[in-house]
Amino acid sequence: MKITFFTHSTYTLEIHKFLLLVDPFFSDNPILKNDSLLFDKCMNFFKKVDYILLTHAHYDHVLDTEFFAKKFESLVISNYEISNYFENKGLKTYGMNYGSFISFPFGKLKYVWSAHSSVFNDGTYGGNPGGFLLHTDQGNIYLSGDTSLTYEMKLIPKFGNLKISILPIGGIYTMDVEEAIIASDFLQCKKVLGVHYDTFETIQINKKEAKNKFSENKKELFLPKMGETIWI
Ligand code: NI
Ligand code: MN
């Protein structure tokens, strides 16, 4: 599986021939807004998008959903309320809720608990926020979405070992670095790809310190640059 990080909580997963885009946030992203070269570089990456996974309805996670879904005829996968919202805008959607694994051509997906909130910018209710547990023949991965540390994470490894977890580390709205280290204990997963940091003034982190804290706890924190790829 190939994971490519952009900024914030936006990344792609490439599993066999399928490209999954998670929480697309480009057009009003403070990092990209005043840098058209960087913005174009991101856009040029996308030759196709088969699926768009949305963790919750906050604008920094759903902002460019319509753009990509219309351009590439992607299937939008999210909770029931978010799926309805985008279905009403003419997109192809698949709505789910907390519960069983659901099979897709790229693997099995389970919408899982996150401790956060979920509302669209226009005030529309965005259902319960969540993350995704993804099982594939190339390994299992947990995408927590925005969340605080929660005991619910202890359930995740009961379904199988994880190769990597993608967790927020910027604090204020989500877990910070210290909480993410405890989360990785709960998840029994030593490899963490950190997201949701540095995008806004309020969530700046010291990357070197963060990586050191992880290695002191015998864990590895990946903080890829924009457009950088990790293979798992
Ligand atoms: Ni959020
Ligand atoms: Mn967020």
Side-chain angles (χ1 to χ4, degrees), residues 1-15 17-78 82 85-86 89-93 116 118-122 124 126 129 131-132 141 143-146 164 166-174 193-208 210-211 221-231:
M1 190 187 311
K2 190 176 162 188
I3 306 170
T4 305
F5 176 73
F6 292 93
T7 70
H8 201 53
S9 289
T10 306
Y11 46 90
T12 56
L13 309 174
E14 286 170 75
I15 307 159
K17 60 180 182 167
F18 301 107
L19 189 131
L20 287 63
L21 171 60
V22 182
D23 287 357
F25 178 48
F26 295 99
S27 57
D28 199 26
N29 181 321
I31 294 174
L32 302 172
K33 215 158 46 176
N34 299 313
D35 193 333
S36 59
L37 267 176
L38 213 53
F39 182 83
D40 289 347
K41 207 178 145 192
C42 286
M43 290 300 119
N44 288 337
F45 171 89
F46 293 96
K47 308 295 176 222
K48 66 165 193 163
V49 175
D50 299 301
Y51 300 91
I52 300 174
L53 270 52
L54 303 175
T55 59
H56 64 295
H58 287 157
Y59 82 103
D60 57 322
H61 297 260
V62 302
L63 192 69
D64 297 311
T65 302
E66 265 189 274
F67 169 79
F68 283 102
K70 284 188 172 154
K71 183 167 180 185
F72 296 109
E73 294 182 20
S74 331
L75 179 68
V76 176
I77 302 174
S78 189
I82 293 173
Y85 180 89
F86 284 114
K89 290 183 182 292
L91 308 186
K92 286 188 295 175
T93 65
H116 194 63
S118 178
V119 64
F120 287 94
N121 256 11
D122 64 8
T124 307
F132 292 100
I141 168 172
L143 329 170
S144 78
D146 286 4
I164 195 165
I166 303 185
L167 307 177
I169 57 168
I172 310 279
Y173 315 109
T174 67
L193 195 165
V195 298
H196 217 276
Y197 66 93
D198 281 4
T199 327
F200 308 117
E201 292 264 324
T202 46
I203 56 173
Q204 304 286 330
I205 66 158
N206 181 323
K207 287 192 269 196
K208 207 176 158 203
K211 283 192 168 195
L221 176 66
F222 296 88
L223 297 176
K225 293 191 183 71
M226 184 180 303
E228 207 179 304
T229 285
I230 298 177
W231 290 87

Q: Could you pull out every donor-acceptor pair under 3.5 Å between side chains of residues 43-54 and any protein atom, sequence neighbours left out?
A:
unit_1	atom_1	unit_2	atom_2	d
Asn44	ND2	Asp40	O	3.2
Lys47	NZ	Asn44	O	2.7
Lys48	NZ	Lys17	O	2.4
Lys48	NZ	Asp50	OD2	2.9
Asp50	OD2	Leu19	N	2.8

Q: State which residues pass side-chain contact (heavy atoms from CB on, under 4.5 Å) with Asp35; sequence neighbours excluded, sorted by chain then number.
A: Leu37, Leu38

Q: To the nearest 0.5 Å, tell me how far Thr65 OG1 sits from Asp23 CG.
A: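 Atom-to-atom, Thr65:OG1 and Asp23:CG are 8.0 Å apart.
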
Q: By side-chain hydrogen bond (donor to acceptor under 3.5 Å, both in side chains), which residues pair with Lys33, not counting sequence neighbours?
A: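 For Lys33 the side-chain hydrogen bond (donor to acceptor under 3.5 Å, both in side chains) partners, ignoring immediate neighbours, are Asp28.
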
Q: For Phe18, which residues count as a ring pair (Phe, Tyr, Trp, His ring centres under 6.0 Å) partner, sequence neighbours excluded?
A: none

Q: Is there a side-chain contact between His58 and Val119, using heavy atoms and a 4.5 Å cut-off?
A: yes

Q: Under a 4.5 Å cut-off applied to non-hydrogen side-chain atoms, are Phe222 and Ile164 in contact?
A: yes

Q: For Tyr11, enumerate each residue passing the side-chain hydrogen bond (donor to acceptor under 3.5 Å, both in side chains) test, keeping only those at least two apart in sequence or located in another chain.
A: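 By the side-chain hydrogen bond (donor to acceptor under 3.5 Å, both in side chains) rule, Tyr11 matches no residue at all.
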
Q: Taking only residues two or more places apart in sequence, or in another chain, which ones meet Thr202 in a side-chain hydrogen bond (donor to acceptor under 3.5 Å, both in side chains)?
A: Tyr173

Q: Are any of the side-chain heavy atoms of Leu21 and Thr10 separated by less than 4.5 Å?
A: yes

Q: Of all residues at least two apart in sequence or in a different chain, which pass the salt bridge (charged side-chain N to carboxylate O under 4.0 Å, His left out) check with Lys41?
A: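 Listed in chain order: nothing, the list is empty.
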
Q: Please determine whether the number of non-hydrogen atoms from other residues, nucleotides or ligands lying under 6.0 Å from atom CD of Glu73 exceeds 12.
A: no

Q: Using the test side-chain contact (heavy atoms from CB on, under 4.5 Å), find all partners of Asn29 that sit at least two apart in sequence or belong to another chain.
A: Thr7, His8, Phe25, Ile31, Leu32, Thr199

Q: Just verifying a value: how many Å separate Ile3 CD1 and Thr12 OG1, rounded to the nearest 0.5 Å?
A: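 Answer for the CD1-OG1 pair, Ile3 versus Thr12, is 9.0 Å.
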
Q: To the nearest 0.5 Å, how far apart are CD in Glu14 and OG1 in Thr4?
A: 5.5 Å

Q: Please list, chain by chain and in numerical order, all residues satisfying side-chain contact (heavy atoms from CB on, under 4.5 Å) with Asp122, sequence neighbours excluded.
A: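 side-chain contact (heavy atoms from CB on, under 4.5 Å) list for Asp122, sorted by chain: Tyr85, Phe120, Thr124.
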
Q: When rounded to the nearest 0.5 angstrom, what distance separates CD1 in Ile169 from CD1 in Ile205?
A: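 So the gap between those two atoms works out to 3.5 Å.
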
Q: With Lys70, which residues qualify under salt bridge (charged side-chain N to carboxylate O under 4.0 Å, His left out), at least two apart?
A: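 With neighbours one apart ignored, the set is Glu66.
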
Q: Are the side chains of Thr55 and Leu143 in touch, meaning some heavy atoms are under 4.5 Å apart?
A: no

Q: Using the side-chain hydrogen bond (donor to acceptor under 3.5 Å, both in side chains) criterion, which residues pair with Ser118? Sequence neighbours excluded.
A: none

Q: Side chains of Leu63 and Ser27: closer than 4.5 Å at any heavy-atom pair?
A: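 Touching, per the 4.5 Å side-chain cut-off.
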
Q: Does any part of the side chain of Phe132, heavy atoms only, come nearer than 4.5 Å to the side chain of Val22, both counted from C-beta?
A: no

Q: Between Asp64 (side chain only) and Phe26 (backbone N and O only), is there a donor and an acceptor less than 3.5 Å apart?
A: yes

